[in-house]
Number of protein chains: 2
Amino acid sequence: MTARAKKYASSTDVARLAGVSQSAVSRTYKPGAKISEEMRQKVLAAAAQLDYRPSLIPRIMLTHKSNLVAIVIGGMYNPFYSAVLERFTVGLQEAGNQVLLVHVDSGHSLDAVIPKLASYRVDAIVSALSILSKQSADELARFKIPVVSFNTPVRNEWVSSVCCDNVGAARSLVELYLARGGRRFGFISGPPASPASAERLAGFRLGLAAHGIDNLAMAVADFRYEGGHAAALSMFAGPDRPDALFCANDLMAIGAIDALRRTYGLRVPEDVLVAGFDDIPSAAWGAYELTTFVQDGQRMVDEALAILRVAAASHGPVGEVAIEVPARLIERQTTRRQPI
Amino acid sequence: MTARAKKYASSTDVARLAGVSQSAVSRTYKPGAKISEEMRQKVLAAAAQLDYRPSLIPRIMLTHKSNLVAIVIGGMYNPFYSAVLERFTVGLQEAGNQVLLVHVDSGHSLDAVIPKLASYRVDAIVSALSILSKQSADELARFKIPVVSFNTPVRNEWVSSVCCDNVGAARSLVELYLARGGRRFGFISGPPASPASAERLAGFRLGLAAHGIDNLAMAVADFRYEGGHAAALSMFAGPDRPDALFCANDLMAIGAIDALRRTYGLRVPEDVLVAGFDDIPSAAWGAYELTTFVQDGQRMVDEALAILRVAAASHGPVGEVAIEVPARLIERQTTRRQPI
DNA sequence: TTTACGAGTGCATAGCTATGCACCAATCAT
DNA sequence: ATGATTGGTGCATAGCTATGCACTCGTAAA
C-alpha cells in the first residue's frame with residue numbers, strides 16, 4: 001500500500017508533455033480520426049519518450065466489448081485437442097481477439113468458471129470440454145454470453161455446437177471391416193460420460209445391426225494410451241478374441257496395438273483389424289500406420305469462428321445453431337488385409 | 001450504434017434495487033469488508049435478481065493490476081510444450097491469475113505482440129518461444145513487464161530464465177553410449193536458431209571431446225517427426241553409418257527410428273543406439289521405448305511460477321534470475337545393447 | 001466581401017468499482 | 001453519566017479513454 005510509482009504513462013501524461021489535449025492523444029491512436037499530421041507527430045514523439053501504450057481497459061468499460069474470448073479446455077494430453085487449441089488461438093488472434101485460456105479438469109463442468117469469465121467480461125466462450133449437460137447449458141444462458149460447444153451436441157439460445165459426424169463415421173467403418181474380413185467385433189470406449197465416445201459406439205452398433213450383428217465385445221477406458229493398452233489386454237485375455245477392433249480415439253488405438261503385438265504376439269492387421277478416431281500425428285507414424293477418421297479440425301474451428309463472428313455482430317443470442325462436419329476415413333495399414 | 005441495451009447490470013443498478021448505496025454492493029463482494037449480514041443479504045438478493053457479476057475492469061484501472069499473465073508460445077505440435085502450457089495454466093489459475101494465450105509463429109520474435117500485451121496491462125509474460133535474442137530482451141525491458149523465458153537463456157533486469165541443463169545432460173549421454181559400445185556418433189539438430197538444440201549439441205561435443213572424439217555426423221531438422229525421419233534418411237544414406245544417434249528431441253528421435261527400421265532395415269538398438277530429449281509420452285510407447293532425458297516440466301514450471309510470485313510482490317524488476325534444472329536420463333530399450 | 005463549410009481542436013463527461021473520509025448509532029469502560 | 005470505541009453506512013472521488021458538442025480558423029463558394 002505504499003505510494004507505488006505509476007507504472008504506465010497515461011494519455012494525460014502524454015498530452016501534458018506534448019502540450020496538447022488528452023483528446024488529441026486519444027485521436028492519434030484511433031484510426032481514421034480527425035487529427036492533423038503535425039499534431040499526430042507531436043503526440044507520437046511524446047508517447048515514445050514516455051513509453052506510452054494506450055490501455056484497453058477503459059475502452060472495455062465504454063464499449064462493453066473486451067475482445068476477449070475464453071477457451072475452456074479439459075486436457076491437452078490428446079494431440080487432437082492441443083491442435084484445436086492452437087487453431088482457435090491463431091484464428092481468434094487474426095480476427096483481432098485475445099484468448100483467455102481456462103483449464104478445467106475434464107469431468108468437471110464449466111459452471112464453476114463462468115462467473116469468473118463473466119467478471120472479465122469475455123465476449124464469448126469456446127468450450128472443448130467433453131461434458132456439458134443440458135442443465136449446465138441453460139445455467140450458462142443466464143449470463144448471456146455466446147458459447148460454442150466443441151464436439152458436444154448441447155445447445156440452446158446462447159449455446160451453439162460444432163460437432164463431427166461421429167455416428168455416420170463409425171457406422172461406415174462396419175462396411176470396411178466386413179469387406180476386410182472382420183467377423184468378431186470389439187469396441188474400446190472413452191469415459192462413460194463422453195458424448196463423442198457414446199456417439200461413436202452408437203454409430204458402430206447401428207452399422208453392425210444393419211448386418212444383423214449384435215455381438216460386440218466392449219471395454220471402457222479413458223481416451224489415453226495407457227487406458228487403451230489396459231483395455232485391450234483385458235478384452236483379448238479370454239478365448240473368444242475379436243478380430244476387428246474399433247477404438248474411440250487414436251491414442252487408445254495405439255495403446256491397444258502395442259498391447260496386441262507385444263503382449264499377445266498378435267499381428268495387426270493380419271490377426272486383428274484396428275481403427276481409431278481423430279487422425280492425430282502419431283497415427284501416421286511408421287510403427288503404427290493406423291486407419292482412422294480425420295476430424296477436420298480446421299473446418300470445425302472455422303465454423304466455430306464463423307458463429308462467433310455472427311454473435312459479435314448481432315449483440316443478441318445467435319439462436320440454436322448446430323453444425324455437423326463430416327469425418328473422413330483414412331485407411332492405412334492397420335486395416336489392409338485381404339478379404340478371406 | 002443503436003441504443004444497445006446494457007448487457008450487464010452494474011453495482012449501481014443492484015444498489016438501486018436493493019435500496020442501499022453502491023459502496024455497500026462493492027463491499028459485499030470484498031472479502032473481509034465491514035458489512036452487516038443483513039445488508040449483505042439484501043444485496044445478494046438484488047444481485048441474483050439482476051444476474052449481477054462484479055466487473056473486474058474498473059478494478060484493474062484502480063489497482064494497476066490485472067491478474068492477467070500472458071503465455072506466449074510458438075507451437076504445440078511438440079507434446080512437451082502442450083504439457084508445459086497445461087501446467088502453467090493450472091498453476092496460474094490456482095494462484096488466482098488468468099491466462100492470456102498468445103500464439104506467435106515459432107521463428108518470429110515476440111516483439112510484435114508486446115505492445116498488445118502492454119495494452120491489456122498483463123502483469124507478467126511467460127515466453128516459451130525458442131527464439132528470444134538479447135536484443136529483443138532489452139527491447140522488452142522498456143515495458144517494465146516481468147518476463148520469464150522458458151528454455152532460452154536470455155536475461156536482463158526484467159527478463160528471467162528457467163532452463164534445463166541441456167549441456168550437462170547431452171554430455172553425460174556420451175558416457176552411456178561408449179559403455180553401450182557406440183563408436184560412430186551422429187546428431188540430428190533442431191532449427192539452427194534454437195538455443196536448446198545448440199546447447200544439446202554443444203554438450204554432446206564436449207562429452208565426445210573428453211574422449212578425444214571429434215568425428216560427428218550432423219543433420220539439421222526442425223524438431224518434428226517428419227524432420228527427424230528425413231534427416232535420418234540422409235544421414236544413413238552413405239556408407240559410413242553412425243551406430244549411436246542422438247536427436248535434439250524425442251519427436252525427431254521417433255521419426256529417425258522409423259526411418260532406420262523401416263527404410264534401411266536397421267535394428268534399434270542392435271545396429272544403432274538412439275536417444276532423444278524431453279520424455280514425451282510417446283517415448284514410452286511399446287513400439288519405441290526410447291531412451292531420453294526427462295525435462296522435469298513440473299519443476300521448471302514451479303520455478304517459473306515462483307519467480308512470477310516474487311515479481312508480483314515486489315513491484316519492481318526481479319533482477320537477473322536464471323534457474324537451471326537438471327535433466328534426468330531414462331534409459332529404455334533403444335540403448336540397451338550389450339557392450340562389444 | 002460575405003456566407004458556408006470543413007478540418008481540427010479542446011472541454012466535459014460517461015463508464016464502473018474501490019476506498020478514504022466523515023458520520024451515526026450502539027456498546028463498552030471508567 | 002460521559003467519553004471512547006466499534007461496527008456500519010453513504011458520499012465523493014480516482015482511475016483512463018472515447019466521443020458528442022461547441023468552437024475556431026482557414027478556405028472555397030456566392
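Convention: sequence-line order gives letters A, B, ...; per-chain numbering from 1.
For B:Ser26, no side-chain nitrogen or oxygen approaches OP1 or OP2 of C:dT17 to under 4.0 Å. Proximity of A:Tyr52 to the phosphate of D:dT17: a side-chain N or O atom is located under 4.0 Å from OP1 or OP2. The phosphate of C:dC16 (OP1 or OP2) has no side-chain N or O of B:Ser11 nearer than 4.0 angstrom. Look at B:Arg59 and you won't find any side-chain N or O under 4.0 angstrom from OP1 or OP2 of C:dT17. Distances shorter than 4.0 Å separate none of the side-chain N or O atoms of A:Thr63 from OP1 or OP2 on D:dA18.
For the pair B:Asn67 CG and C:dT17 C1', the computed distance is 15 Å after rounding to whole Å. Rounding to whole angstrom units, CG of residue B:Leu50 and P of C:dC16 are separated by 13 Å. Rounded to a whole Å, the NZ atom of B:Lys42 is 11 Å from the C1' atom of D:dT9. Taking atom NZ of residue B:Lys65 and atom P of nucleotide D:dG15, one finds them 18 Å apart after rounding to whole Å. One can place OH of A:Tyr8 at 14 Å from C1' of D:dC16, the figure rounded to the nearest angstrom. For B:Glu37 and D:dT9, the CD to P distance is 11 Å, given to the nearest whole Å. When rounded to the nearest whole Å, the span between CD1 of B:Ile57 and P of C:dC16 equals 11 Å. Atom pair A:Asp13:CG and D:dA14:C1' shows a separation of 14 Å (rounding to whole Å applied).
Considering only side-chain atoms of A:Met39, the nucleotide from C:dC16, D:dT17, C:dG10 that sits closest is C:dG10. Side-chain atoms of B:His64 lie closest to D:dG15 of the nucleotides C:dT19, C:dG15, D:dG15. Picking from C:dT17, C:dA12, C:dG15 the nucleotide with the shortest atom distance to the side chain of A:Gln22 gives C:dA12. You'll find that the side chain of A:Pro58 is closest to D:dT17, out of D:dT17, C:dG8, D:dG15. For A:Ser21, whose side chain is taken as the heavy atoms from C-beta onward, the closest listed nucleotide among C:dC11, D:dT9, C:dC16 is C:dC11.
Looking at A:Ser23, its side chain comes within 3.5 Å of the base of C:dC11 through a donor and an acceptor atom. Below the 3.5 angstrom threshold, one finds a donor paired with an acceptor across the side chain of B:Arg27 and the base of D:dG10.
Taking CD1 of A:Ile125 as the reference point, atom OG of A:Ser149 lies at 11.5 Å (rounded to 0.5 Å).
Closest approach of B:Ala24 to B:Val20, counting heavy atoms only: CB-CG2, 4.0 Å. Scanning both residues, A:Ala118 and A:Phe143, for their nearest heavy atoms gives CB-CD2, 3.9 Å. Scanning all heavy atoms of the two residues, the minimum distance from A:Leu305 to A:Leu92 falls at CD2-CD2, 3.6 Å.
Aromatic ring centres of B:Tyr8 and B:Tyr52 lie farther apart than the 6.0 Å criterion allows.
Of the two residues contacting DNA chain D, namely B:Lys34 and B:Arg121, the nearest-nucleotide position lying further toward the 5' end is that of B:Lys34. Along DNA chain D, the nucleotide nearest B:Ile35 and the nucleotide nearest B:Leu62 are compared for position; the residue whose nucleotide lies closer to the 5' end is B:Ile35.
Counting non-hydrogen atoms of other residues, nucleotides and ligands closer than 6.0 Å to CD of B:Glu38 gives a total of 12 or fewer.
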